[in-house]
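In what follows, a structure is listed as structure tokens, so that the remarks can point back to it.
These numbers come from the heavy atoms of this one structure, side chains and all, not from hydrogens, waters or symmetry mates. On a predicted model such as this, the values are computed, not experimentally measured, just so you know.
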Protein chains: 2
Amino acid sequence: MNRRSPNRPPTLEEVAERAGVGRGTASRVINGSVQVSDAARNAVLQAVEELGYVPNRAARSLVTQHTDVVALVVSESEDRLFGEPFFAQVVRGVTNAMARTPRQLLLTMTHREADRGRLNDYLSRQHVDGVLLLSLHDDDPLPGQLTARGVPAVLGGRPHSEVTLPFVDMDNEGGAALAVEHLISSGRRRVASITGPVDMSAGRQRLEGYHQALVGHDFRPLVESGDFSENSGRRSARALLERAPDLDAIFCASDQMAIGAMTELAAAGRRVPDDVAVIGFDDSPISRHTVPSLTTVHQPVEDMGVRMVEMLGQLIEKPAEAVPDVVLPTHLVVRNSA
Amino acid sequence: MNRRSPNRPPTLEEVAERAGVGRGTASRVINGSVQVSDAARNAVLQAVEELGYVPNRAARSLVTQHTDVVALVVSESEDRLFGEPFFAQVVRGVTNAMARTPRQLLLTMTHREADRGRLNDYLSRQHVDGVLLLSLHDDDPLPGQLTARGVPAVLGGRPHSEVTLPFVDMDNEGGAALAVEHLISSGRRRVASITGPVDMSAGRQRLEGYHQALVGHDFRPLVESGDFSENSGRRSARALLERAPDLDAIFCASDQMAIGAMTELAAAGRRVPDDVAVIGFDDSPISRHTVPSLTTVHQPVEDMGVRMVEMLGQLIEKPAEAVPDVVLPTHLVVRNSA
DNA sequence: GAGCGTTATGGGAGCGCTCCCAAAGGTGCG
DNA sequence: CGCACCTTTGGGAGCGCTCCCATAACGCTC
């Protein structure tokens, strides 16, 4: 009776025995080594088929020290993850690029403190070969922990200064400056801005671009801070209108906020773009269909996903080599709102 | 020199040595066994802290035969996964329920054939304790493979007859019948329906409900088939209008299609609900904000996620006991479109 | 046909952990 | 003071796999 305990999946050893070869040879066949005779290979393949053998990944990982799994961690709630087209686009880029690698992608979201502990030691080497981090907030301890554990990781978006992980970022500052310059050169004199969250570098950089563009024009900055959401766009627009009834342009750090602002502008009886010009940021799919259609800053989101995967691949395969950070270009898409 | 090869993470053995205890005792502390003296426990805890020890999950899984990881597999493209509020709601329910279990959630999407192979053996026991399957199409081989491998799995949505996995479903048929009855009892005489994809049971069941409700009223069915998308709603509405210019109501198997249909109706100069009543299905967030607001069938999507997790938990913990399928109730939400 | 290089093969060692058993130490009671 | 019993402990065995080394088998050449 050499049958194993109740319906455990078959092991390599059993496959080898059935094929009449040694464990080593069976392993070579499974892993596609060429140093195997055709006879042996066929025997093993047939045994695999008959037994329905699937390699035990835990056992394999234990010896190879890798898992062929990469995690994409999004530090946001499901609502934002699913609500904002941005994430869908990154994920599309990431999955496309992953299809060209031997690795499997895992998606994890973590807004909730309670989840953090579990996630955390899930991500510690031995379970994941690398991590893609999206939508990082400044106070997030994850980058530090990953660095400490030596887990290869790439960030989407530039981190604040203490984080040393490689990143792929957009030229947020340049894009914002482009937008504001467009506003000024088309004759606007009182240009306000609704910012993103200040604990995210994308938010800070877009604000910085706004300030940059104002330099030398002797315009006073006029800023309300939002959080990228449509609601915060409405709220901020209302506040702006109250503070500066004479404003004639608003640069919003996200399309969602621009949409909110336009709604509020309409409610206040201001015409877009006649009375007030509006520019958004993201070039999200909806920006094409708003009324009027939204002038906005395009950022190559899908590319970002692709580049992140490529960088992570390098990090995993050649841990010794440093990979340079990447900043992707942005450009202005002029439609009807400005 | 008993130091291990270059910067490998510390092992249990090293922790034990540093704490001056045996490997067994260290393991007991890590796993929270009570049979340990306070002195030993503290020594181990301190060593863990100092060394930054994290258990190697591959090694643990190899012996315990489980991984404390559950996968949520969505058989759709990123576009649909992120585009339809339905998925966001299920995911919310799932993550909430998972927070109460010791397990970690993994999200995977698979529309692409190429990904399938990798996913497939990723899901084979030893790497995942169980699987939650969403948005299953009839020809999907996954359920069969999971069954064959003995991987515990729960479906969201009723499968076609050959699949024997336990499921959580909505009362699609009942909800659809409710909608159509509402239409009839409010005086509509020519009630059409735009169906969902016929290779998904939700689509078939909603159509069945439509037929049921028509029985005994001597109305001829008038059906166009869509795929749940807004575009297919427009296309189908156009076709319907051509085939039966006298129609005075349309029951759509999804809110997205209802929105498409309303757009098309408006383009054709029909007023909603005056000329044509429209009812959707899903009670998605947008249905509140359409003009006119959409009468629709509510389904408890978040609950579905919760129940799926609970069922999977039972399946994993008590593999011997059968778990009964669940059908969640739906109800009509009357707004202004019908 | 002896000697050589080359290719194919079997199986031991060991990855880091949990499980379990046997032994040591401690306590209480007659 | 001795014995039985309980708590705490150490460490061997083994999970299923890959890696690697020693050996076997084969094919040449001279």
Side-chain angles (χ1 to χ4, degrees), chain A residues 2-44 47-48 51-68 102 121 124-127 129 149, chain B residues 2-44 47-48 51-68 121 124-127 149:
Chain A
N2 70 348
R3 209 72 203 93
R4 311 179 52 234
S5 52
N7 68 331
R8 277 276 199 87
T11 69
L12 223 213
E13 197 100 34
E14 290 169 4
V15 170
E17 189 187 342
R18 183 173 192 117
V21 303
R23 186 166 24 81
T25 301
S27 174
R28 252 159 268 154
V29 173
I30 303 292
N31 293 293
S33 161
V34 271
Q35 313 280 60
V36 183
S37 70
D38 286 351
R41 184 190 320 283
N42 291 143
V44 171
V48 165
L51 259 27
Y53 171 76
V54 179
N56 181 324
R57 287 187 167 242
R60 178 181 287 177
S61 298
L62 187 54
V63 22
T64 61
Q65 305 287 326
H66 66 252
T67 60
D68 284 339
D121 67 73
S124 67
R125 199 98 115 273
Q126 305 312 338
H127 224 56
D129 288 350
R149 299 234 167 93
Chain B
N2 71 347
R3 208 73 203 90
R4 309 176 55 233
S5 51
N7 68 332
R8 278 278 199 84
T11 69
L12 223 213
E13 197 99 31
E14 289 169 3
V15 170
E17 190 186 340
R18 182 174 194 117
V21 303
R23 188 168 18 85
T25 303
S27 175
R28 253 159 268 159
V29 173
I30 303 292
N31 293 292
S33 161
V34 271
Q35 311 280 64
V36 183
S37 69
D38 285 351
R41 184 190 321 282
N42 291 143
V44 171
V48 165
L51 261 26
Y53 171 76
V54 179
N56 181 322
R57 286 186 166 242
R60 179 182 285 176
S61 297
L62 187 54
V63 21
T64 62
Q65 305 286 324
H66 66 253
T67 59
D68 284 338
D121 67 69
S124 67
R125 197 98 113 272
Q126 303 313 336
H127 225 55
R149 298 237 167 92

Using atom [atom1] of [X] as one end and atom [atom2] of [N] as the other, report the distance to the nearest whole Å.
X: B:His127; N: D:dG16; atom1: NE2; atom2: P; result: 16 Å
X: B:Asp38; N: D:dT7; atom1: CG; atom2: P; result: 15 Å
X: B:Gln65; N: D:dG14; atom1: CD; atom2: C1'; result: 11 Å
X: B:Glu14; N: C:dG16; atom1: CD; atom2: C1'; result: 10 Å
X: A:Arg57; N: C:dC15; atom1: CZ; atom2: C1'; result: 17 Å
X: A:Glu13; N: D:dG14; atom1: CD; atom2: P; result: 13 Å
X: A:Asp68; N: D:dT18; atom1: CG; atom2: P; result: 12 Å
X: B:Arg23; N: D:dT9; atom1: CZ; atom2: C1'; result: 12 Å

Under a 4.5 Å cut-off applied to non-hydrogen side-chain atoms, are [X] and [Y] in contact?
X: A:Leu12; Y: A:Pro55; value: no
X: B:Arg60; Y: B:Ile30; value: yes
X: B:Val54; Y: A:Arg149; value: yes
X: B:Asn56; Y: A:Leu62; value: yes

Would you confirm whether [X], through its side chain, and [Y], through its main-chain N or O, come within 3.5 Å as a donor-acceptor pair?
X: B:Ser61; Y: A:Ala58; value: no
X: A:Asp129; Y: A:His66; value: no
X: B:Thr25; Y: B:Val21; value: no

Phosphate-side-chain proximity, A:Ser27 and D:dT18, N/O vs OP1/OP2 below 4.0 Å: yes
Detail all sub-3.5 Å separations between protein N/O atoms and N/O atoms belonging to nucleotides 7-9 of chain C.
residue : atom : partner : partner atom : Å
C:dA8   : OP2  : A:Gln35 : OE1          : 3.2
C:dT9   : OP1  : A:Ser37 : OG           : 2.7
C:dT9   : OP2  : A:Ser37 : N            : 3.1

Residue B:Leu62, side-chain atoms from C-beta onward, closest of C:dG14, C:dC17, D:dC15: D:dC15
Proximal nucleotide (of D:dT18, C:dT18, D:dC17) relative to the B:Asn31 side chain: C:dT18
Relative orientation of the end axes in the helix from C:dG1-D:dC30 to C:dG30-D:dC1, expressed as an angle to the nearest 10° (five pairs per end): 50°
Pair listing, salt bridge (charged side-chain N to carboxylate O under 4.0 Å, His left out) test, anchored in residues 19-42 of chain A, at least two apart: A:Glu13-A:Arg23
Touch class at under 4.0 angstrom, heavy-atom based, for A:Arg60 against every strand present: sugar-phosphate
